[in-house]
Amino acid sequence: MQNEQMYIKQTSEVYDAIVVGSGVSGGWAAKELCEKGQKTLMIERGRIVEHRKDYIGENKAPWQQEFRTSVDNLLVEQQYNIQQQCYAFKDATKHFFGNDRDLPYNTPKDKPFSWIRANQLGGKSLLWHRQSYRLSDYDFAANSLDGYGNDWPIRYKDIADWYSYVEKHAGISGQAENLPQLPDSDFLPPFEMSSPEKAIKAKLEALFPTRNMTIGRTAHLTKPTELHYSQGRVQCQARNECQAGCSFGAYFSTQSSTLPAAAKTGLLHIAPDSVVHSLIFDEQKNRVIGVRVIDNNDLSQREYFAKVVFLCASTLGSTQILLNSSTKSQPNGLANNSGVLGHYLMDHNYNANAGGDVEGFEDEIDRGRRPTGILVPNFYYQPDPKRKFLRGYMLGGSAYRENWKQTQHQDGIGVDFKNSLKQAGKWKFSFYAMGEMLPRFENQVALHPTLKDKWGMPQLDIDCQYSENEKLMMEDAKEQMILMLEAVGLTNVKGQTRNKPPGLAIHEVGTARMGRDPKTSVLNSFNQSHDIPNLFVTDGASFCSTAPQNPSLSFMALTARAVDYALKERAAGRL
Amino acid sequence: MSQNHGDETQQCHDTSRRRFLNGFGVLVGATAATQLLGGNAISVAMAYTSQADSTSKAGKLLSQAQLIQLKAICAQVIPITETLGAADVDVHGFIDNQLFHCHTVKEQQRIIELLTNMDKEAQAQYQHSFVELSAAQQVSLLNHIELGTSHFKQKYRNDFKYLKTLICFGYYTSEVGASKELRYLAVPGGYTGSIPYKTSDASWGSQGLSY
């Protein structure tokens, strides 16, 4: 199909399905619906980003950039004050971040929350860190064991096949380890470890038999399959400039992977620049029948209609739409008979790290920029009342040789200084912790009673903070990282905890959680609204707990599973 | 390392690029490869372009005199060797532009103050401005400032350390610094965990997004 036919603006057509959002979840919903014969309208609030053509920062050497990868101060101050806190915010990527000036939200003064936005076709699938991990039964059972949050209504066996299904399409590289707390994916070959990493792994696993070190599992094509070639994707070139966009299609994004598959069916239509204001609800039939949209540019209003609606607008985006879709009979937001919509907001906690010097290996260096690090899976996956905190964390990390960025701080000027900076420096190794955050009712979002954004959407009030449990966990992570690094022989080991606000892990989940009981959850075990049968929410909003793993792979699997279920339900006449 | 090293690196880039493009063409077809890579994927200008020198007039932040002084400092911190030095690739011009657009007023003032104080010291010790000093005198003065020896204050030392980070950033993100002095792989083609390294090898100048 030609693009001009795929992109639509005005239409009175009743689609088989509407998908709100085009990121990891929305792309998967659209692909699955289209491939199952559904005429699908994907609604994206932002502009069109065409694969390759619109990766305007890609492969630009620093000297080809006006500020050598930095971003203009004034621009940051006025438009990207929140977004610039993200590690991936650079001159080559800044156009894929939302503009803070246009996207206001509110937090209590003492509870900052950094909401990272990516409002364009592809959403955060363009900007994600691509780490891809399955959840395990330890994760699905965690809430029921310590009583924080509600029990996930699914177990690993319910989703294992769906993980395999999405992994084959997306392409996940990694090393099979057969660990109970971190099930293996259907892997493409792993990225290599460097020699110091291999040495540290060997010592660590010998000294701490319950602690493993594996290569980071990442959605990169280390060895593409025919399926990947058919999507127009080729092997990862190890540039590690992914967030600028990848013309090789070597990492999974909507543009590289799900959009071409959906478009190939001829059943996909996309409404770009369409900010969803609310869902249109038929009270008598108890069904959503479409969405109200405000034009991103001229603020005009229009509506789109469909038989089933998939909300994939991001965790807070989907919940904001539901909250703003209240009706006479549902005054607290649509699909909120339970009253928990907006509650149990979580993010991961990345507030501890440690590192040190690695002796030796001076006659080796690595080559290429590996787009992943190493991973130490959660070693606290079994509850233990002796620990001072609940749940656990994973460790990320990597070894690297120092370069001018580190060695520039030495004293001296002139030829010797220049020659010294020319050489590779010492090997270093560092860890950082990725901690679970407990689901708590009081961590919540609500609509501001009066303040609106420029599209007329009520602004979100976000009230969320890490609790003592998360702080104690980070203290423990720091101590354990130091203990392990010293045990494996690193020198000058130093660790620290930090106080960065939630949001910055960009793993916000919860606020429309799944559950078995309609009285205490928004969605059932298939991401279907308990209250409204033809409404599905398949992004991070549906999560019952964070687990320590990066969530995006689970967004994919849950979405594909939900589409399969929805169409079976429709065939059975129940939607 | 001789200038030849740079030439070899250049050839190496071109060769690996060609090899890569050839392989890619075989993989997806030559037409598709051109289409796939059009514009963005392989767009690094490999040719050396000579640098402007920003000392011909006042900059965005610094006066012409301050730019001339900064150029002299750049020349001493990262001098010309087998490859061009910081002054040769207009790092002083880069710093003026970068301070103006990407740094705080406080950071801008810090550099201006350092330049002023440095000139005062030059006058006090040698009765000349910094740029009028001999190379040996400039080196001596800069070393004293950096080491905090003689009567120099800790503040000078910190400010000079800060200036050095700006000079290094400007130099090692320049085409010469990143790809001639160091080794630059625009498209590595894959990741290898270990290759041999000897101290005469240049470090990698290519850092992806993490400069």
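Chain letters run A, B, ... following the sequence lines, proteins first, then strands; residues in each count from 1. Values reported hereafter were calculated over all heavy atoms of this structure, with side chains retained and with hydrogens, waters and symmetry mates removed.
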*Give, as side chain, backbone, both or neither, the part of A/L75 having an atom under 4.5 angstrom from any heavy atom of chain B.*
neither
*Checking heavy atoms, do the side chain of A/V415, its backbone, both or neither come under 4.5 Å from chain B?*
both
*What part of B/F160 lies closer than 4.5 angstrom to a heavy atom of chain A: side chain, backbone, both or neither?*
side chain
*Is it the side chain or the backbone of A/E77 that comes within 4.5 Å of chain B heavy atoms, both, or neither?*
neither
*Identify the heavy atoms of A/K90 and B/Y211 that sit nearest to each other, and give their distance.*
NZ-O, 3.8 Å
*Residue pairs, two or more places apart or on separate chains, that pass salt bridge (charged side-chain N to carboxylate O under 4.0 Å, His left out) and touch residues 99-110 of chain B*: B/R110-B/D159
_Within-4.5 Å side-chain heavy-atom neighbours: B/F169 and A/T69_ = yes
*Do you know the tightest heavy-atom contact between A/G368 and B/P188?*
CA-CB, 3.6 Å
*Can you tell which part of B/L147 gets under 4.5 Å to a heavy atom of chain A, answering side chain, backbone, both or neither?*
side chain
*asked:* Give the interface residues of residues 406-414 of chain A toward chain B, defined by a heavy-atom separation under 4.5 Å.
replied: A/Q408, A/H409, A/Q410, A/D411, A/G412, A/I413, A/G414
*For A/S195, is it the side chain, the backbone, both, or neither that has a heavy atom closer than 4.5 Å to a heavy atom of chain B?*
both
*asked:* If you count heavy-atom pairs within less than 4.5 Å of chain A, which of B/C102, B/A86, B/G85, B/P196 leads?
replied: B/C102
*asked:* Could you check whether any side-chain heavy atom of B/Y171 comes within less than 4.5 Å of a side-chain heavy atom of A/L421, counting everything from C-beta outward?
replied: no
_Using 0.5 Å steps for rounding, measure from the OG atom of B/S206 to the CG atom of A/N240._
11.0 Å
*Is it the backbone or the side chain of A/F67 that comes under 4.5 Å from a heavy atom of chain B, or both, or neither?*
both
_Could you work out, with ring-ring contact (aromatic ring centres under 6.0 Å, His included) as the rule, every residue matching A/F191, not counting sequence neighbours?_
none
*Taking salt bridge (Lys or Arg N to Asp or Glu O under 4.0 Å) as the test, write out the residues that go with A/K405, two or more places apart.*
none
*Check: A/D366 main-chain N/O paired with B/W204 side-chain donor or acceptor under 3.5 Å*: yes
_When you compare the side chain of B/L209 with that of A/T93, does any pair of heavy atoms fall below 4.5 Å?_
yes
_Engaged part of A/D363 at the chain B interface, taking heavy atoms whose separation is under 4.5 Å_ = both
*B/Q207 versus A/W404, closest heavy-atom pair with distance*: NE2-NE1, 4.5 Å
*Can you see which heavy atom on B/Y197 is nearest to which on A/R401, and at what distance?*
CD2-NH1, 3.2 Å
*Quick one: are B/I195 and A/I365 in side-chain contact, heavy atoms under 4.5 Å?*
yes
*Find the distance between NZ (A/K422) and OG (B/S200) and round it off to the nearest 0.5 Å.*
9.5 Å
*Test item: A/R369 side-chain N/O and B/L185 main-chain N/O as donor-acceptor pair under 3.5 Å*: yes
*Can you tell which of B/I78, B/L142, B/T165 has the highest number of heavy-atom pairs within less than 4.5 Å of chain A?*
B/T165
*Non-hydrogen atoms of chain A under 4.5 Å away: do they reach the side chain of B/K161, the backbone, both or neither?*
side chain
*For A/Q65, is it the side chain, the backbone, both, or neither that has a heavy atom closer than 4.5 Å to a heavy atom of chain B?*
neither
*Rounded distance (nearest 0.5 Å) linking atom OH of B/Y172 with atom NZ of A/K418*: 7.0 Å
*Can a cation-pi geometry be assigned to A/R68 and B/F94, taking NZ or CZ under 6.0 Å from the six-membered ring centre and within 45° of the ring axis?*
yes
*Side chain / backbone / both / neither for A/T222 at chain B, heavy atoms under 4.5 Å*: neither
*Within 6.0 angstrom of B/K60 NZ, more than 12 heavy atoms from elsewhere*: yes
*asked:* Whether the side chain of A/Q423 engages the backbone of B/T199 through a donor-acceptor N/O pair (distance < 3.5 Å, no angle test) should be reported.
replied: yes
*asked:* If we define contacts as heavy-atom pairs under 4.5 Å, which of B/H101, B/Q76, B/Q98 has the most with chain A?
replied: B/H101
*From A/N73 CG over to B/L99 CG, what is the distance, rounded to the nearest 0.5 angstrom?*
10.5 Å
